Amino acid sequence: MTDALHRPLGLLAELTHRCPLGCPYCSNPLELDRRSDELDTETWARVFREAAGLGVLQVHLSGGEPAARRDLTEIMAAARTAGLYSNLITSGVGLTPKTFTALVDAGLDHVQISIQDSEAETADHIAGYKGAYARKRALAAEVIRHGLPLTVNAVMHRANIDRIGDMVALALELGATRVEIAHVQYYGWALKNRGALMPTAEQVERAIGVVEDLRKRHHGHIVIDAVVPDYYARYPKPCVGGWGRRSLNVTPSGVVLPCHAAQSIPGLEFWNVRDHSLADIWASSPAFNAFRGDDWMQEPCRSCPRKHEDFGGCRCQAFALTGDARATDPVCHLSPQHALVGQLAAVQMDEPYAYRR
Ligand code: SF4
Ligand code: FES
């Protein structure tokens, strides 16, 4: 089977770029879609039907903050009608109990709440929003009250990585069945804050030990998803499960991307659901075909036995660090530019966050 024939399993529906929080590691693009350019309810419903037809099983309703959409319940219902398993990815801010109940009634399956830290003061400081932590806790209680599975998503960096244990304890206290310990990905907005967010090597080493210990201690109670942060890993991650192989993202204005940061790579031609069917985009859009298979690879990836495991790493990171999206992800210790990663990881600066606004 060629890569072009792989079927996507997941669709990330970025319903809006509007968001009340200002996280310094925001993964949305530098240029945000305007509200007036957002897809309407009916177009999302068509996208979900087409996604299901393509083989997609899960839709992640995301943003920005999806609750900023007044038609969120209708969009949710359309996902259910299309037969998709729905996961709401929310900041927890802006979602009232009434709206949440309507979402549950419309068939919502799963909720993922991002929590910035285990303590209110620091969590609100990182989010750039006073009172966010309390609202997240309140929404988590609603999720459990309705009997839905809850995942806590915790993005770790220098300011909170020493509290991984507390984050897992908080997730357990909230009733989550899964906690995702994600590390900041340094592209897009997060690049502006790399010096302020980068953990030290000692912090990362300690955190790896803590996670191993927590997994043993809480085995059977909560699933702990955690990977070593990119800049300290020996091999890169198989970003998005391989470009154009497993998933697709639809931006608020309908542009279809192989990964959420793909627009940071210049020169790629993206297609829009306003002009093409999702199946057409998946099979034929130039952006999706740009890094499928291995013809595009350079050495050392091209002749590396791991190339079908990690696909040469992350294209967006390769571009962000080397200026060449076809390069081996410099996180890989075999990359000729690997030394760069060590140099960048060594730069830690005590400067104020540049908040996303
Ligand atoms: Fe992966 Fe390329 Fe490194 Fe091999 S050389 S491990 S394919 S990134
Ligand atoms: Fe784009 Fe990794 S984020 S390929």
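In this text the structure is predicted, and so the values were computed from the model without any measurement. Note that ligands are numbered from 1 as they come in the structure, with each ligand's atoms numbered from 1 the same way.
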Inset, instruction - Measure the shortest side-chain to side-chain distance between L321 and L344 over non-hydrogen atoms and say whether it is less than 4.5 angstrom. - result: yes

Legend entry - Side-chain heavy-atom pair V331, H338 within 4.5 angstrom cut-off: no

Inset, instruction - For residues 63-111, pull every pair meeting ring-ring contact (aromatic ring centres under 6.0 Å, His included), keeping only residues two or more places apart or in separate chains. - result: F100-H146

Inset, instruction - Mark yes or no: R326 above the aromatic ring of F291, with NZ or CZ under 6.0 Å from the six-membered ring centre and no more than 45 degrees from the axis. - result: no

Inset, instruction - Quickly, which of T16, D33, D37 forms a side-chain hydrogen bond (donor to acceptor under 3.5 Å, both in side chains) with S253? Name it, please. - result: D33

In residues 23-32, what donor-acceptor pairs under 3.5 Å come from side-chain atoms, sequence neighbours left out?
none

Legend entry - Within 45° cone and under 6.0 Å: R245 NZ/CZ vs W282 ring: no

Legend entry - More than 12 heavy atoms from other groups under 6.0 Å of CZ on R302: yes

Inset, instruction - Would you sort out whether E65 and R135 count as a salt bridge (Lys or Arg N to Asp or Glu O under 4.0 Å), showing the intermediate values? - result: CA-CA 14 Å; E65 170 48 54; R135 294 194 191 200; over 6 Å; no

Legend entry - Amino acids contacting ligand 1, non-hydrogen cut-off under 4.0 Å: Y235, P236, P300, C301, C304, R306, K307, D310, G312, T328, C332, L334

Inset, instruction - Identify, chain by chain and in numerical order, each protein residue with a heavy atom under 4.0 Å from an atom of ligand 2. - result: Y187, C239, W243, C259, C314, R315, C316

